[in-house]
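Below is one structure, written out as C-alpha cells; the observations come after it.
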Amino acid sequence: MAFEKVEPKVDFPALEREMLAYWEKTQAFDKLRELNQGNPKWSFLDGPITANNPMGVHHAWGRTYKDLYQRYHASLGQELRYQNGFDCQGLWVEVEVEKAHGFATKKDIEKFGIGKFVQECKDRANHYAAIQTEQSKRLGYWMDWDNSYFTMSDENNYGIWAFLKKCFEKGLIYKGKDVMPWCPRCGTGISQMEMNEGYREVGHTSVFVKFPLRDRPGENLLVWTTTPWTLSSNVAAAVKPGMTYVKVKQGDEFFYVGKENFENARSQPVEGANKSNHPSLMAITAMFKNNGEFEIVEELLGETLVGLTYDGPFDMLEGASEAVGAHRVIAWEDVTATEGAGIVHIAPGCGSDDYRLGKELGLPNIAPLFEDGCFRPEFGYLAGKRFDQVADEVVADLKNRGFLFAKEQYIHRYPHCWRCKDELVYRLVDEWFIKMDWRDEIMNSAKKAQWIPEWGLDRELDWLHNMGDWMISKKRYWGLALPIWECGACGHFEVLGGKDELEARAESGWEEFEGNSPHRPWVDEVKICCTKCGDKNVSRVKEVGNPWLDASIVPFSTMGYFSDPEYWKEWFPADFVVEALPGQFRNWFYALLTVSTMMVEKPPFKVLKGHGLVLDDTGKPMHKSEGNAIWFDEAAEEIGVDAMRWLYAKTSPERNVLFGPHHCDEVRREMILPWWNIYSFFCNLARVDNFDPKEQTTTDDERSLLDNWILSDLNKLIAIAHEAYSKFDVAKLCNESRRFIEVLSTWYVRRSRRRFYGPEWTADKRSAYSTLYEVLTTFNRIIAPIVPFMSESIYQNLVANQAEDAAASVHHTSFPQSNAALIDDELSSQVAATLRLVSLARSARKDSKLKVRQPLAELVVVPANDVEGQAVARFEDHFLEELNVKKVSTRDGAADTVTTTLKPNMKTLGAKLGRHAAAGRKMVADLNPAEVEVSLRGGGTISLTIDASSEEGTIELEAQDVVITKSYGDDWAGACDGATIVMIDKRLTPELKHEGIARDIIRNVQNLRKDAGLDIADRITLSLCSENAQLGEAIAAFNDYIASETLATNIQTTPIDSPTGKVEVKLDGQTISISLVKAVLVDS
RNA sequence: GGGCUCAUAGCUCAGUUGGCUAGAGCGCGUCGCUGAUAACGACGAGGUCCCAGGUUCGAGUCCUGGUGGGCCCA
C-alpha cells in the first residue's frame, strides 16, 4: 500500500486529536496491557495530584516523565500497573467550597451542616478528578483511568488508621500543645506552607517598654515588641549571654539595653522599591535624647543580667497571675544586636520561638486568646476584645502606669491568612502528634533508596534530622477522621486500627454510621467504651488528619497490602517515583518514608527522581494573580502536547524549566519541524516512486559511505537511548536526538537528495531509500515515549499501513536494540573531519568573495592529522559538490603558497619587556613565523633573551604576545584552524566563468518555473535572450546542462510569444531576459 | 545561624571519570540558498567559565575560603 501524502505544513494539535481518536478506536492502551500481561513487572508509584482545579502546564512536567518512562518500560515488554492517583482531602478543597457558598467562618459551615459540606467537598474532588483525567488523556498520558485511586476512599482512610494504630501501640501518639499561626476568622491553624503564601507588608504600633528590676530599684530592662497585646502574656525577658549591654542613666532611672542596639541606626526590614515609602526609625540614642540628658554608666555582658527578676507590665491581670512569680531574665543565643533593644520580650503562649524556649526552661504558658482572637475574661479591660483592636488602649494604659518608654509606627512583612487576608496570630493550641524519636530508622530507609539527583538524599536526611514531632491534626471538617477516641471522663485515649475494630468496639451509633465513609460527621456517631474507666460514651476527637498522611499510605492501600498481600508483594516497593522537588522533602517524600518505615521497615521506592519548577518565559514563577500562568488546555491546543512534552523532557530535571512562547517555539524549530520535514521529504518521494520497504532492499555492499555512517550513528544513538531511559536521564537523549536530527537533515539527507531522484531503481537508489527508511522508523521508535502522537502518526504511515502483520501502534512495538556490528567509529570520525573541513573551506570561499554557484578549479587541504587526510580521500565527491570545485587535493605543507607573518602584540608584550621594549620588539619581528606558530600552539612558550646581563632581559613569549596572520597570495583564498589549512584557487578560466553563468541561469529558471506554478515534472520551452557576448557563449557552451536541469525540451535565443513566465535579470552586470512556456508533449 | 544547591556568551542552557583551541540555540551582523523545510544554511562578532587561594604536568571540572541567587531548616 502506498504511503499517504504528508503535508509539510501540519496542524499538530489536530494531528494529536486524530491519534487520540485512533487509540480510542483501537483500544490501543488495553492492547498494550494485554501484550505485556504476565511479563516481568516494573512498578511505578504515582504521587497523587490535587483534584481541586483544572491542570496548569506545570502539572504536565511530572506527568510527562511519568508517561515516558512507563512507555519505555512497556516497550521492553514489562508489565505495569498504570495507576493514577488523586489527592482529595484537605483544607484547599474546603476553601473552594466555602468560597462557592460565601462562607466566612467555621460557624457558617456548621450552620450549613457538616454532612452536606463534606459531601460537597467529595463532589468537588470527583468533579476535578474527572476533568484532570480528560486533560491527562489529552497529554497522551497512558494510564488505567478507570482505576485511579482516590485518597478519600475508605480503603485509603482505614489504611491510615492501621498505620496510626501501629504508632499508638508503640506509644508514639500523644496530645501536645504548640504555638502556631492561627487565623481567628477561619478558626484554624495555618501550616508553614500556607503561611508562606500570605506574607503582606503592614504597619504596626511597636513599643519600647520598661521592665523594672525587683532587686534594683530605679533600674529597668528596655524591651521592644511589635505586638503590644502580647505583653499581657509576658513571662520572661531574654538576653544574649555573650553580647555587650550598656547601663544608661537618665534622671533618676537606669536602663539596660544592648550596646549596638543603643548606638546604631535602626532600619526597617523592607525590600526593594518600597523602601522610600517607609519612615526611617529613630535610633534608641535619639529616644533618650528626646527625654533629656543621659549617660552611659556601665558596659556589661548579657550573662550578668541572667536570673534577675522584674515586674511585668500586666501583673495585675488575673490571667497573668501565673507569670508573676516567673518573671526573670533568661539567656537566649538568638537575641540579635540589630533589632529592637537587645532584650527580648518572651511570651511562650503567643510566639513560636517563645514557646520552644519556655518549654526548655519550664516557663508557664499564658494563652490569652479564644479561637476567634478575642481575649479571655480573666484579662481585665482587654476581655472580649480582639487582639488586633487593642493596640491604642494598651499603649495608653502602659503610659499611664509608667511602663511606656517610646512608641513608633513599624512597617514589616507579617503573615496573613492566605484565604481571608486577616492577620494571623500565634496561639497556643492542643494538637495531636506522632513522636519522631525513631527518626534514625526513617533515615536508614531513606538511605536504602536511590535519589536522583543524589543530593536529594542529603536534603531529606537534613530534614529528617531536624524535624520536630509530626503534628497530624487539623481543626477542620474535610479530611481523614483521626481514629482517636478520647475519654471525656478520665482523659484516656485509644487509636482504632480499622473498620472491623470500630464495629467491634462500638457501644452506640454504629447503625447511624454504617454505610457511610469514615468521615465527619458520620463516623463521629460511633461511641466506644473507655478501657480505663468504663465510660460508655467515649467520642472521637474532632480533628481531621494531615493530608500528607492521605498520600503516604498509598504504597500500601492502593497496592493491596490490606486486601491482597500476594499482589502487594509483587509490586512493592515501587521501582520508580518522580515528583517536583521543592517542598516534597518535608511533604510527600518524608511522609512516604515515615509511613513505610513504620509499616515494613523499608522505603516504598527504589528510585526517587525529583524535578524543578515550571517558570514563565522570563524565569518568573507563574501566578494566577500575575497573569503569567498558563492553563494546560490552552497550551495543548496552541502548540501541541508533543512540543510541550519535548520541552519538559529536554530540560535538566533538577533545574527549573522556562515555559512560554519563546521556548516552545524553539522546540518546534529544533526538533518537531526538522523531524517532520525529513519524514515528509522521504514519504512524498516514496509515494511517487512506489517505494516498498519489502521490495526495494539493499545489501551491506551496496550501501554508500554516508549510508554506513548514518546507520553507525543511529546504532550509537540506540545504545545512548537505552542508557538514558533506564537511568532516568531523558534530557541526555533529547540532546543527542537533536544532534542526530541535525546531522541527518543537514548532512545525510541534503547530501543524499539526488540519490532519490533518478527514474530507475539502481542499487544506489535502493540503498538510499532503504537506509533512510530504516533510520526513520528506528529513530521514530526511539523518541516515541517522548512524542507519542507524532511518532504514532509517522508509524502508521511508514509501517502499520505497509504490512498486515505490523503492530497496530508504535507503542506496541519493542524498543530497538543497538547492533554493534554496524557501528564504525573510524567512519564517524572521518565524517566529523569532513564536516569540519567543509566548514573551513566555506570560510575560505567566503573570503574569496566568489559565491558557491561559481565553480572553482581546486581545493587544497593541508590536513592536521591522518583522519583529515582520510576524510578527503574517502569523501572526495562531497567536497567537490559541496564546495563546487573541480578538484580536491591534499598537501603536506603549504609553505610555498602560504605566508605566515608575525606581529608583536605590544599590549601584553610591552608590560613584559619593560625597558627592553624596543630591542624585544625587533627580536620578535625577526623570529621565523612558522616556527613560532608551531611552538606557541597549544599553550607553549618561547624563551627570549634580549639582554643577558639583566634579569628582566629574558622573557617567556606566549601565544597572546604575538598576532599571527596568514596570507595566501593573490591567487588563493584560504582559512586555517589549528594546524589545518584549506585553500581555494580563485583563478577563473573562461570555462569556469561560463559554468558559473549557466548555474545562475538555471537558478533563475527554477524560480521562474516555481512562480509560474509548474509541476516539478513539467517540460518547458525556454528562451534566453541577451545581447552580451559572454552570456551567449556561456549559454552555448552549457546548453545541454541548462536544458537537462530545467527540463527544457528546447532552448531558443528568440523571445517566446505569450510566455507563462518572464523575467529580466542581471548576471555579472549584463542583462538577460528569461521566459518560458510549458512544452506540449507529443506522444511518440 | 545551619543544610542543600546554583553561578559558563546579551538571553536560555550543554560541558561524562581533570586532558588538545570552552560549545549549542536564540538574539545580533554579513552572505548565501530557497521544488523536503511554518523555512533553512554558512560565516562572523561576542567569554576574566563569579572572586581568591590550593592540589596537579594540566582545573570550567577536584579541595578550601569568600561573594551573589534559589530552596529548606532554625
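In the text below, chain A, chain B and the rest are named by the order of the sequence lines, each starting its count at 1. What's counted below: heavy atoms across the whole structure, side chains too, no hydrogens, waters or symmetry copies.
- Using bins of under 30°, 30° to 60° and over 60° for the plane-to-plane angle, the ring pair A:Trp61/A:His611 lands in the tilted bin.
- In this structure, A:Leu658 reaches the sugar-phosphate backbone alone: every heavy-atom distance under 4.0 Å involves primed, P, OP1 or OP2 atoms, never a base.
- Legend: residues meeting side chain to side chain contact (heavy atoms under 4.5 Å, CB included) with A:Ile639, ordered by chain and number and at least two apart, are A:Ala643, A:Met644, A:Phe659, A:Cys664.
- Taking a pair to require two hydrogen-bonding distances under 3.5 Å in either a Watson-Crick or a G-U wobble arrangement, B:U55 remains unpaired.
- Taking the side chain of A:Thr746 as heavy atoms from C-beta on, and the options B:A36, B:C26, B:G41, the nearest nucleotide is B:G41.
- Across all non-hydrogen atoms, the minimal contact from A:Pro13 to A:Glu638 is CG-O, 4.3 Å.
- In terms of phosphate contacts, A:Asn735 brings no side-chain nitrogen or oxygen within less than 4.0 Å of OP1 or OP2 of B:A24.
- The residues A:Lys716 and A:Glu723 are annotated as not salt-bridged, no charged nitrogen and carboxylate oxygen being separated by less than 4.0 angstrom.
- Below 30°, between 30° and 60°, or above 60°: for A:Phe3 and A:Tyr773 the angle between ring planes is between 30° and 60°, a tilted geometry.
- A donor-acceptor contact under 3.5 Å is formed by the side chain of A:Arg753 with the base of B:A36.
- Taking atom CG of A:Leu647 as the reference point, atom P of B:G25 lies 18 Å away to the nearest angstrom.
- Side-chain proximity of A:His663 to B:C73, B:U12, B:U37: nearest is B:U12.
- Taking the P atoms as reference points, B:C26 lies 26 Å from B:C20, given to the whole Å.
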Filtered N/O pairs between nucleotides 3-7 of chain B and protein, under 3.5 Å:
residue: B:G3; atom: N2; partner: A:Arg459; partner atom: NE; Å: 3.2

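- Comment: A:Lys650 engages A:Glu670 in a salt bridge, judged by a side-chain N to carboxylate O separation of less than 4.0 angstrom.
- Annotation for A:Asp353 and A:Arg356: closest pair OD1-NH2, 2.9 Å, computed over non-hydrogen atoms.
- With a 4.5 Å cut-off on side-chain heavy atoms, A:Tyr748 and A:Val743 do not count as touching.
- Backbone-only engagement by A:His662 is indicated by non-hydrogen atom pairs under 4.0 Å involving sugar-phosphate atoms exclusively.
- Out of B:C73, B:A36, B:G25, the shortest distance to the side chain of A:Arg586 is found at B:C73.
- If you measure from atom CH2 of A:Trp332 to atom C1' of B:G1, you get 12 Å, rounded to the nearest angstrom.
- Atom C1' of B:C13 sits at a distance of 9 Å from the matching atom of B:U8, rounded to the whole Å.
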Can you give me the N/O atom pairs linking the protein to nucleotides 64-66 of chain B at distances under 3.5 Å, or say none if there are none?
none

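- Regarding contacts with the backbone of B:U34, a side-chain N or O of A:Arg1003 is found under 4.0 angstrom from either OP1 or OP2.
- Distance, A:Met467 CE to B:A74 P: 12 Å, rounded to whole Å.
- Proximity note for A:Arg669 (side chain, C-beta onward) versus B:A36, B:C73, B:C40: the nearest is B:C40.
- A sub-4.0 Å separation between OP1 or OP2 of B:U37 and a side-chain N or O of A:Ser680 is absent.
- Between B:C62 and B:A74, the two C1' atoms lie 32 Å apart (nearest whole Å).
- Taking atom C1' in both B:C6 and B:C51, one finds a spacing of 16 Å when rounded to whole Å.
- Both A:Arg842 and A:Phe12 lie near RNA chain B, and the one whose nearest nucleotide falls closer to the 5' end is A:Phe12.
- Atom P of nucleotide B:A74 and atom CG of A:Leu464 are separated by 13 Å, given to the nearest angstrom.
- Nucleotides B:A45 and B:G23 have their P atoms positioned 13 Å apart, rounded to a whole Å.
- In this pair, A:Phe756 and A:Tyr769 present their aromatic rings perpendicular. The plane angle is above 60°, beyond the 30 to 60° band.
- Atom CG of A:Asp1000 and atom P of B:G32 are 11 Å apart (whole Å).
- No engagement by A:Asp665 is indicated, since no non-hydrogen atom pair under 4.0 Å with the nucleic acid exists.
- Among the atoms of the strands shown, base atoms are found under 4.0 Å from some heavy atom of A:Ser745.
- Here A:Asp11 lies in heavy-atom contact (under 4.0 Å) with a base.
- Classified by interplanar angle (parallel below 30°, tilted 30° to 60°, perpendicular above 60°), the ring pair A:Trp451/A:Phe589 is perpendicular.
- Using atom C1' as the reference point in both B:G46 and B:U12, the two lie 16 Å apart (nearest Å).
- For the C1' atom pair drawn from B:G47 and B:G10, the interatomic distance equals 12 Å after rounding to whole Å.
- In this model, the phosphate group of B:A24 is not approached by any side-chain N or O of A:Arg739 to a distance below 4.0 Å at OP1 or OP2.
- The side chain of A:Glu666 lies closest to B:G25 when the candidates are B:A14, B:G25, B:A36.
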| Are A:Arg739 and A:Glu736 close enough, and set up right, to give a salt bridge (charged side-chain N to carboxylate O under 4.0 Å, His left out), and what steps lead you there? | CA-CA 5 Å; A:Arg739 186 199 55 76; A:Glu736 289 295 325; 3.3 Å; yes

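- The residue among A:Val749 and A:Trp463 whose nearest nucleotide of RNA chain B lies closer to the 5′ end is A:Val749.
- B:A7 and B:C49: their P atoms are spaced 14 Å apart (whole Å).
- Ion pairing between A:Glu881 and A:Arg751 holds under the 4.0 Å rule for side-chain N and carboxylate O.
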